[in-house]
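Proteins come first, then strands; the chains are lettered A, B, ... in the order of their sequence lines, and each starts at number 1.
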2 protein chains.
Amino acid sequence: MTDIDTSPIPERKRGSGVKVVYDLLRDEILDLVLPPGSPIDEVQLAERFKMSRTPIREALVRLAGEGLIDTLPNRSTMVANIDFLNMHTFFDALVLMYRVTTKLAAQYHRADDLKVIRAHQAEFAAAVQAQDALAMIATNASFHSAIAEAGRNPYFTGLFNRLLDEGRRMLRLYYQSYDDRLPQRFVEEHDDIIAVIARRDVEEADRLARLHAEQIVHQIQKLFAREDRLDLML
Amino acid sequence: MTDIDTSPIPERKRGSGVKVVYDLLRDEILDLVLPPGSPIDEVQLAERFKMSRTPIREALVRLAGEGLIDTLPNRSTMVANIDFLNMHTFFDALVLMYRVTTKLAAQYHRADDLKVIRAHQAEFAAAVQAQDALAMIATNASFHSAIAEAGRNPYFTGLFNRLLDEGRRMLRLYYQSYDDRLPQRFVEEHDDIIAVIARRDVEEADRLARLHAEQIVHQIQKLFAREDRLDLML
DNA sequence: ACTGAAATTCTTGTCGACAAATAAAATACA
DNA sequence: TGTATTTTATTTGTCGACAAGAATTTCAGT
């Protein structure tokens with residue numbers, strides 16, 4: 001009698017369920033594989049991940065807590081929409097967090113932090129070189145997130161990462177128009193920022209971060225302004 | 001045959017379960033009814049609220065998302081500890097959010113907002129008058145939260161409310177030593193802040209908020225320094 | 001054909017049960 | 001007596017089932 005494979009399916013380890021679902025859904029939401037407004041069906045997800053609805057639901061509760069999905073009680077749940085009307089609040093918060101985290105990095109970073117930051121910057125530069133807009137968006141976020149980590153303030157890194165996630169979603173909507181000459185400028189600005197952090201020049205870190213942030217915000221606004229005009233025509 | 005009460009227990013409405021548990025646990029954690037480090041038992045809570053473990057768990061996932069409880073996978077879950085070692089990161093964030101939210105309130109508030117803010121200030125003043133330290137802590141948080149709301153930036157209000165919650169927890173630990181003459185000074189500072197917001201003086205709002213915040217931080221640090229010395233003696 | 005009520009289908013919130021993982025207790029052994 | 005190992009007990013993660021609401025469809029009456 002031949003041995004029959006008693007567990008043909010990878011058979012997830014106990015306790016990993018919610019994390020798997022959470023991580024994957026999160027990625028799909030941020031990458032717009034699940035665009036804003038997409039309905040989320042619990043049973044469908046349960047079938048897809050081959051598990052019961054219980055861990056699925058817990059993952060959804062987490063995502064809702066981070067504002068990535070909206071849940072109407074007793075009704076449907078869907079991917080959170082992007083609030084274009086109050087976008088300025090997003091920009092305000094983003095610019096401030098750019099500044100604060102960069103300043104704190106200049107104050108509190110250690111030698112190892114710089115290595116990590118430079119590695120991310122290399123990846124960003126490579127993405128620009130390759131004219132890969134999607135990679136630019138992702139690596140840019142990682143770069144600034146690494147700077148924030150070096151600042152070692154969990155309250156700021158928490159908010160900042162959320163903002164970067166939201167920004168990633170917004171930029172994905174428009175990444176087609178991202179292939180102009182500006183990115184090269186961002187690479188240089190990144191290098192300058194690394195330099196001021198390394199030499200612990202807090203005031204200059206604030207100034208450069210602010211300029212860089214406003215640069216990016218301006219860029220995004222330009223993209224949206226273009227699209228807004230399109231909206232008016234429809 | 002007499003009618004038998006078919007539903008003697010209030011019989012919660014469907015869908016309200018998690019909210020009830022979440023709200024109550026949250027209050028108990030912030031009021032230190034459940035002090036930091038307290039173990040949280042799912043089945044015990046299930047019995048207490050007379051519901052199954054499923055809604056309890058979803059409430060716990062939410063609380064974990066907000067950092068109010070810590071969950072070790074496959075092991076116990078307990079009320080989050082207060083991180084005294086990195087307290088300065090908390091103060092940094094708190095001061096900045098005081099400033100930012102007050103500034104934004106000066107810019108974007110509407111007439112109705114001022115009414116709400118003044119109402120909270122009245123409650124705070126009453127608490128000071130009554131020398132009710134617990135009420136002071138709560139109403140002070142509400143006051144500043146109301147100001148933040150008037151600033152209308154959900155990213156900032158989100159972080160700020162979290163910080164205020166954490167501060168509420170920390171202060172509860174020491175509220176005994178809160179009955180000196182300083183609170184009256186806070187009342188006056190609050191009045192000044194309301195005034196600058198009303199006249200939309202953004203720069204002055206920033207300045208006053210900063211002074212006020214540093215005042216409070218200094219006060220808290222003094223309390224903790226006293227207690228630290230005690231810790232060393234034990 | 002159109003409006004409103006009744007019935008049906010679908011989805012969600014909750015439940016009780018079970019098994020894996022861990023902690024605690026009991027036992028064996030040096 | 002102290003340490004290692006097995007046994008038991010406790011607690012967590014997951015499951016399948018069921019019932020309440022909401023959405024949809026069916027049907028009746030004008």
Derivation and outcome, side chain to side chain contact (heavy atoms under 4.5 Å, CB included), residues B/L25 and B/L60: CA-CA 9 Å; B/L25 276 186; B/L60 293 183; 3.8 Å; yes
Decide side chain to side chain contact (heavy atoms under 4.5 Å, CB included) for A/D113 and A/R152; before the verdict, give the C-alpha distance in whole Å, the side-chain angles of both, and the deciding distance to 0.1 Å. CA-CA 11 Å; A/D113 297 328; A/R152 296 200 162 59; 2.9 Å; yes
Let me see the working for A/L159 and B/R162 under side chain to side chain contact (heavy atoms under 4.5 Å, CB included), right down to the final yes or no. CA-CA 11 Å; A/L159 174 57; B/R162 259 179 85 154; over 6 Å; no
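Ranking C/dT12, D/dT12, D/dC15 by closeness to the A/T77 side chain, first place goes to C/dT12.
At whole-Å resolution of the value, NZ in A/K50 and C1' in D/dC15 are 16 Å apart. Rounding to whole angstrom units, CE of residue A/M78 and C1' of C/dT11 are separated by 16 Å. Protein atom CD1 of B/I40 is 10 Å distant from nucleotide atom P of D/dT12, rounded to whole Å. When the P atom of C/dT12 is taken as reference, atom CD of A/E58 falls 16 Å away, rounded to whole Å. Remark: C1' of D/dT10 and CD of B/E47 are 14 Å apart, rounded to the nearest angstrom. Residue A/L45 contributes atom CG, which lies 13 Å from atom C1' of C/dT11 at whole-angstrom precision. A/D41 places its CG atom 9 Å from the C1' atom of C/dC10, with the value rounded to the nearest Å. Rounded to an integer number of Å, the gap from CZ of A/F49 to P of D/dT14 is 13 Å.
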Between the protein and nucleotides 16-21 of chain D, are there any N/O to N/O pairs under 3.5 Å, and if so, what are the atom names and distances?
residue, atom, partner, partner atom, Å
D/dA20, N3, B/R14, NH2, 3.4

Side-chain donor-acceptor distances from residues 117-126 of chain A under 3.5 Å, at least two apart:
residue, atom, partner, partner atom, Å
A/Q121, OE1, A/H190, ND1, 3.0
A/Q121, NE2, A/V187, O, 3.1
A/Q121, NE2, A/D191, OD1, 3.1

Residues 61-72 of chain A side chain polar contacts: donor-acceptor under 3.5 Å, at least two apart:
residue, atom, partner, partner atom, Å
A/E66, OE1, A/Y22, OH, 3.0
A/E66, OE2, A/Y22, OH, 2.6

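In this structure, the side chain of B/S145 does not engage the main chain of B/S142 through any donor-acceptor pair within 3.5 Å.
Distances shorter than 4.0 Å separate some side-chain N or O of B/R75 from OP1 or OP2 on C/dA23.
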